Number of protein chains: 2
Amino acid sequence: MSPVEGDAAAAGSASRRRPGPRRSLDRTKVLDAAVGLLDEGGPEALSIRAVAGRLGVNPNAVYTYVASRSALEREIVERVFAESELELLTGPAPRWRSRLVSYTRSLRSVLLRHPAVAGLLMTAPMDGPSAVLIGERVLGALRDAGLAPDDAARGTYALIVQVVGFVALEVAETDGRPPLAPEAERIAARRAALEFLDPADWPLSAATRDVAAGWISTDQFDWSVERLLDGLVQRAG
Amino acid sequence: MSPVEGDAAAAGSASRRRPGPRRSLDRTKVLDAAVGLLDEGGPEALSIRAVAGRLGVNPNAVYTYVASRSALEREIVERVFAESELELLTGPAPRWRSRLVSYTRSLRSVLLRHPAVAGLLMTAPMDGPSAVLIGERVLGALRDAGLAPDDAARGTYALIVQVVGFVALEVAETDGRPPLAPEAERIAARRAALEFLDPADWPLSAATRDVAAGWISTDQFDWSVERLLDGLVQRAG
DNA sequence: ACCTGAACACCGTTCAAGT
DNA sequence: ACCTGAACACCGTTCAAGT
């Protein structure tokens, strides 16, 4: 990539210079392969054996770099979190709301570009470095909104739950294979599926079919975030 | 179970009375077996083959009653939703808030008693009859709160996302085998895991470690629901 | 209609061995 | 240290056959 080969090569030349089989893999290649599989084939395309196959090694070679399938899945989520535009969260204090709104939109967009990864969102704790950094920045924005530290911390989690929960349920209605159908198409399919709602049995739901069809929409996403923010700031002094 | 054998036997005697192998299974037994496996052995205990084994039949016999493993998972969630105390959602209009708060608490409790089922919450659309009925009743409570129909419909989904998202992330931090460790214990484990937060790197997060440890707590759950409700009613006339 | 029997094409993970 | 080779104990699902 660059004239000098970077950290790994530098460290290697200094400490270890044995003939050996000369490593054919590294952690990055394993993760690239895993995300590539999910992005091309959807949720079912991911397996340790498929990752190994894509890298041209035996299945068990993967275990040199990841402890287990579930550890691999956690790192995949972490890597996609790292793609979100964190810089949207920083800015002048009075603009705390637009910072949060634009960042949550950005995070949703990133996840919708990797729908099969989004399907892994709620299956393991989000405790990687990117998740921690996102938390720190959201916390900062809510402090800028005037919330006391403890309320800002609680609000941070409520917002994260709303955002990742929304996206997880949104992709759960798809096959997880990118690119997803356009939003309008997905809403229309939901609208058709809600045709069954009989006003005699579920009057309120039947009367708001069109809104429920849009539960996966960008409008509903933004609206939910805004309402939650309204509730959070209401109790700021 | 009772002197007369119930619906199935009655229907059977009237319409079909052929010798045959006399069915050894039905849909209910399959679902009972599946939930039983999850409740005893956690998420990994569920497989089509294990369900068959528990019922003493061949693996493929299960396919007479469920179309696929993922269809089975959807029905498992539906069945656990049906265990929630829907009657908590009905009552006098002015008590809309306490109806919503007590129902969401009840739903969380039910799900935490079936943690491996809770792990399936975000992997498929919740479109079963119980989910529809829950939606109808939540919608009613939000109408009682004074929200316009469309806002009530949007609010219903925001609330569902918050509740199921919260529980899914909560159980994702456990092994999914019931009974879960007591909440205080799970919070203490989180507190210990957050010890690494260096104030130099993440000052705001480090300062609110104790709150973040309690992100899986009943207090945080209630607080999140209340703040969202605050945001929802703020725009009611 | 509902089950058995047998097979297909996979899994994650572990262990021993090579270099 | 990092890979190969081989195996263990599983999967979901399909098809043909029995009754």
Side-chain angles (χ1 to χ4, degrees), chain A residues 7-9 11-31 33-34 37-38 41-76 116 119-120 123-124 175-176, chain B residues 8-9 11-31 33-34 37-38 41-76 116 120 123-124 175-176:
Chain A
D7 294 353
S13 65
S15 59
R16 23 182 200 287
R17 181 44 93 210
R18 234 165 260 96
R22 204 129 52 203
R23 51 158 74 239
S24 67
L25 290 127
D26 59 35
R27 211 183 175 70
T28 304
K29 281 184 190 154
V30 168
L31 276 172
L37 285 165
L38 288 171
E44 285 122 84
L46 180 66
S47 72
I48 296 285
R49 298 179 100 106
V51 169
R54 178 178 266 238
L55 295 170
V57 297
N58 278 3
N60 48 1
V62 173
Y63 287 91
T64 307
Y65 302 96
V66 297
S68 65
R69 182 187 167 130
S70 68
L72 173 61
E73 292 179 351
R74 273 199 298 279
E75 298 193 59
I76 289 168
L120 304 173
T123 63
D175 63 4
Chain B
S13 66
S15 59
R16 26 179 198 285
R17 184 39 98 207
R18 233 165 262 94
R22 205 131 52 207
R23 53 157 72 237
S24 68
L25 278 86
D26 60 34
R27 210 182 175 71
T28 304
K29 280 184 189 154
V30 168
L31 275 172
L37 285 165
L38 288 171
E44 284 123 84
L46 180 66
S47 71
I48 296 286
R49 299 179 99 106
V51 169
R54 179 179 265 237
L55 296 170
V57 297
N58 278 2
N60 48 1
V62 174
Y63 287 90
T64 306
Y65 302 96
V66 296
S68 65
R69 184 193 165 126
S70 69
L72 173 62
E73 291 180 352
R74 271 199 299 277
E75 298 194 58
I76 290 169
L120 303 174
T123 62
D175 63 5

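Quick caveat, the model's predicted, so the values are computed rather than measured. Side-chain atoms are counted along with the backbone in the values below, which use heavy atoms only and exclude waters and symmetry mates. Quick note on labels: first sequence line is chain A, next is B, and so on, each numbered from 1.
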Answer whether the closest heavy-atom distance between the side chains of [X] and [Y] falls below 4.5 Å.
{"X": "Val51(B)", "Y": "Val66(B)", "answer": "no"}
{"X": "Glu75(B)", "Y": "Val30(B)", "answer": "no"}
{"X": "Tyr65(A)", "Y": "Leu72(A)", "answer": "no"}

Could you state the [atom1]-[atom2] distance from [X] to [N], rounded to the nearest angstrom?
{"X": "Leu37(A)", "N": "dC11(C)", "atom1": "CG", "atom2": "P", "result": "10 Å"}
{"X": "Leu55(A)", "N": "dC2(D)", "atom1": "CG", "atom2": "P", "result": "15 Å"}
{"X": "Ile48(B)", "N": "dC11(D)", "atom1": "CD1", "atom2": "C1'", "result": "10 Å"}
{"X": "Tyr63(A)", "N": "dC15(C)", "atom1": "OH", "atom2": "P", "result": "12 Å"}
{"X": "Asn58(B)", "N": "dC15(D)", "atom1": "CG", "atom2": "C1'", "result": "14 Å"}
{"X": "Glu73(A)", "N": "dC11(C)", "atom1": "CD", "atom2": "C1'", "result": "13 Å"}
{"X": "Arg69(B)", "N": "dC10(D)", "atom1": "CZ", "atom2": "C1'", "result": "13 Å"}
{"X": "Leu72(B)", "N": "dC11(D)", "atom1": "CG", "atom2": "C1'", "result": "14 Å"}

Exercise. Give one of base, sugar-phosphate or nothing for Arg49(B), where a contact means two heavy atoms less than 4.0 Å apart.
Key: base
Nearest-0.5 Å distance, [atom1] of residue [X] to [atom2] of residue [Y]:
{"X": "Arg74(A)", "Y": "Thr123(A)", "atom1": "CZ", "atom2": "OG1", "answer": "9.0 Å"}
{"X": "Arg69(B)", "Y": "Leu46(B)", "atom1": "CZ", "atom2": "CG", "answer": "4.5 Å"}
{"X": "Thr28(A)", "Y": "Leu25(A)", "atom1": "OG1", "atom2": "CG", "answer": "11.0 Å"}

Quiz item: Starting at the 5' end of DNA chain D, what dot-bracket string do you get if Watson-Crick and G-U pairs under 3.5 Å are bracketed, crossing pairs use [ ], other-strand pairs use | and unpaired bases use dots?
Solution: ||.|||||...|||||.||
Self-check item: Interatomic distance at P, dA9(C) relative to dA9(D), whole Å
Solution: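 Here dA9(C) and dA9(D) have their P atoms 23 Å from each other.
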Self-check item: salt bridge (charged side-chain N to carboxylate O under 4.0 Å, His left out) partners of residues 44-54 of chain A, not counting sequence neighbours, each pair once
Solution: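 Pairs touching residues 44-54 of chain A that pass the test: Glu40(A)-Arg54(A).
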Quiz prompt | Closest to the Thr64(A) side chain, choosing from dC11(D), dC11(C), dC2(D) | solution =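 Minimum distance to the Thr64(A) side chain belongs to dC2(D).
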Quiz item: Would you say Tyr65(B) reaches dC3(C)'s phosphate, i.e. side-chain N/O to OP1/OP2 under 4.0 Å?
Solution: yes
